[in-house]
Visitor: 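I am attaching a structure below and will ask some questions about it afterwards.
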Amino acid sequence: MVFNPRNGEEAPLSAMQLEVLALKKERNAVILAHNYQVDEIQRVADYVGDSLGLAYQAAEADADAIVFCGVHFMAETAKIVNPAKAVLLPDMEAGCSLADSCPAEKLAAYKAANPNVYVVAYINCSAAVKALCDVICTSGNAKTIIENVPADRDILFVPDQNLGQWVSKQTGREMQLWPGSCYAHVLFTQQAIEALKLKFPEALVVAHPECVETVRDNADVVCSTEKMIGFCQNSDAQQFIIITETGMIHRLQREAPDKTFIAGPTDTCACNDCRFMKMNTIEKLRNCLRDMSPQIEMDEDVRKQAYVPLKRMLDWSK
Ligand code: 13P
Ligand code: SF4
């Protein structure tokens, strides 16, 4: 019997998962997976985490190839820090509504009209947008990054207005907000959460900063997906309502098995999946390792320019 390589549980892996592990070895590849990936993928990954942890893992990867089980901007980030390595994404269509909301041409036009603005970009944006920015941040380090921006500069925060508004409140720093949002996180409503709280009155509400303000203001904690793990492990509470993408529940159940996690509700359904994150399947992961395709390709000038704000983020948040 094959055991789960990461947690020692007696859960047998499927034939497809075993094939992935064999191909990974053959290709000398590492598999990096975001917390929102399906459990089948999380269980064969070398590392599962949030955007910040994944960016550090990508920067430190000691392998010939990186398979990124997440969305396109995450795989691009891995390529920015690893130009010589093959970076594979199981489904090239796995995009992100936040990245789509800020096209590079629009940001370039804004910068041309406002040349002194200091641009802080949430990592959920394209490499071309990163190339136009001063520094990158994730939900895990946004506060630290904003606190490092020179006090005499006007900040433009792109592309997530919700994360921007949250970090502005946290730091007391005013900033202009790009009007982008995550299509999945804005579906959570305070009304639906309150209705669920009637069923689970003891449960703590754990929300991602991409949620809207009313949801964030009424949550017990607002944090990145990785910080959710530590919060739930260290809390005395036994039940948690998780206001983010449902893939998060797999990781939480594995890391805090004695606790109960309830998927956050929207007004129209009981749970919430990011359609882009869920485009990756174990079969597509097997296929991309077998075929060494599809791979991230990037213009070298764009990559070099995008590396500067990304490296600044990695240095500032150490
Ligand atoms: P985290 O960095 O908190 O994992 O968030 C990434 C993301 O895309 C949230 O929707
Ligand atoms: Fe983008 Fe939202 Fe999906 Fe995260 S959950 S990848 S922000 S669309």
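We count ligands from 1, going down the list as the structure has it; atoms in each ligand are counted the same way. Sequential numbering from 1 along the given sequence is applied to the chain's residues. Reckoned from all heavy atoms, side chains included, excluding hydrogens, waters and symmetry mates.
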Visitor: Any nitrogen or oxygen of Glu210 lying under 3.5 Å from a nitrogen or oxygen in ligand 1? Just yes or no.
Guide: yes

Visitor: Would you mind listing which atoms of ligand 2 come within a distance below 4.0 Å of any non-hydrogen atom of Glu210?
Guide: 2 (Fe), 7 (S)

Visitor: Short N/O distance, under 3.5 Å, between Asp50 and ligand 1?
Guide: no

Visitor: Taking the basic N atoms (NZ, or NE/NH1/NH2) and the acidic carboxylate oxygens, is any pair closer than 4.0 Å for Lys278 and Glu245?
Guide: yes

Visitor: Out of all atoms in ligand 1, which are within 4.0 Å of some heavy atom of Ser224? Include the element for each.
Guide: 3 (O)

Visitor: Between His185 and ligand 1, which part of the residue brings a heavy atom under 4.0 Å of the ligand: side chain, backbone, both or neither?
Guide: side chain

Visitor: Show the atoms of ligand 1 that are less than 4.0 angstrom away from any heavy atom in Asn124.
Guide: 7 (C), 8 (O)

Visitor: So do the side chains of Asp134 and Val308 get within less than 4.5 Å of each other, counting heavy atoms only?
Guide: no

Visitor: For atom 3 (Fe) of ligand 2, what is the number of protein N, O or S atoms at a distance under 2.8 Å?
Guide: 1

Visitor: After noting the C-alpha distance and the side-chain angles of Lys227 and Asp50, does the key distance pass the salt bridge (Lys or Arg N to Asp or Glu O under 4.0 Å) rule?
Guide: CA-CA 9 Å; Lys227 289 183 184 170; Asp50 68 355; over 6 Å; no

Visitor: With sequence neighbours left out, write down each residue that passes salt bridge (Lys or Arg N to Asp or Glu O under 4.0 Å) with Glu297, or none if nothing qualifies.
Guide: none

Visitor: Using a 4.0 Å cutoff against the non-hydrogen atoms of His208, which atoms of ligand 1 qualify?
Guide: 1 (P), 3 (O), 5 (O), 9 (C)

Visitor: Check the orientation of His185 and Tyr36. Use parallel for under 30°, tilted for 30 to 60°, and perpendicular for over 60°.
Guide: tilted

Visitor: Does Lys227 come within less than 4.0 angstrom of ligand 1, counting non-hydrogen atoms of the residue?
Guide: no

Visitor: To the nearest 0.1 Å, how far is atom 2 (O) of ligand 1 from its closest protein heavy atom, and which atom is that?
Guide: Ser51 OG, 2.9 Å

Visitor: In terms of side-chain geometry, is the basic nitrogen of Arg251 or Glu226 positioned less than 4.0 Å from the acidic oxygen of its partner?
Guide: yes

Visitor: Could you tell me which atoms of ligand 1, counted from 1 in the order shown, lie closer than 4.0 angstrom to a heavy atom of Tyr36?
Guide: 7 (C), 9 (C), 10 (O)

Visitor: Other residues, nucleotides and ligands only: do more than 12 of their heavy atoms fall within 6.0 Å of CG on Asp217?
Guide: yes

Visitor: Do any nitrogen or oxygen atoms of Asn35 lie less than 3.5 angstrom from nitrogen or oxygen atoms of ligand 1?
Guide: no

Visitor: Against the six-membered ring of Tyr307, is Arg312 placed for a cation-pi contact (under 6.0 Å from the centre, within 45° of the normal)?
Guide: no

Visitor: Any ion pair linking Glu76 and Lys79 (charged N to carboxylate O, less than 4.0 Å)?
Guide: no

Visitor: Charged N to carboxylate O below 4.0 Å: is that the case for Asp315 and Lys311?
Guide: yes

Visitor: Taking only Lys NZ, Arg NE, NH1 and NH2, and the carboxylate oxygens of Asp or Glu, determine whether Asp46 and Lys24 approach each other closer than 4.0 Å.
Guide: yes

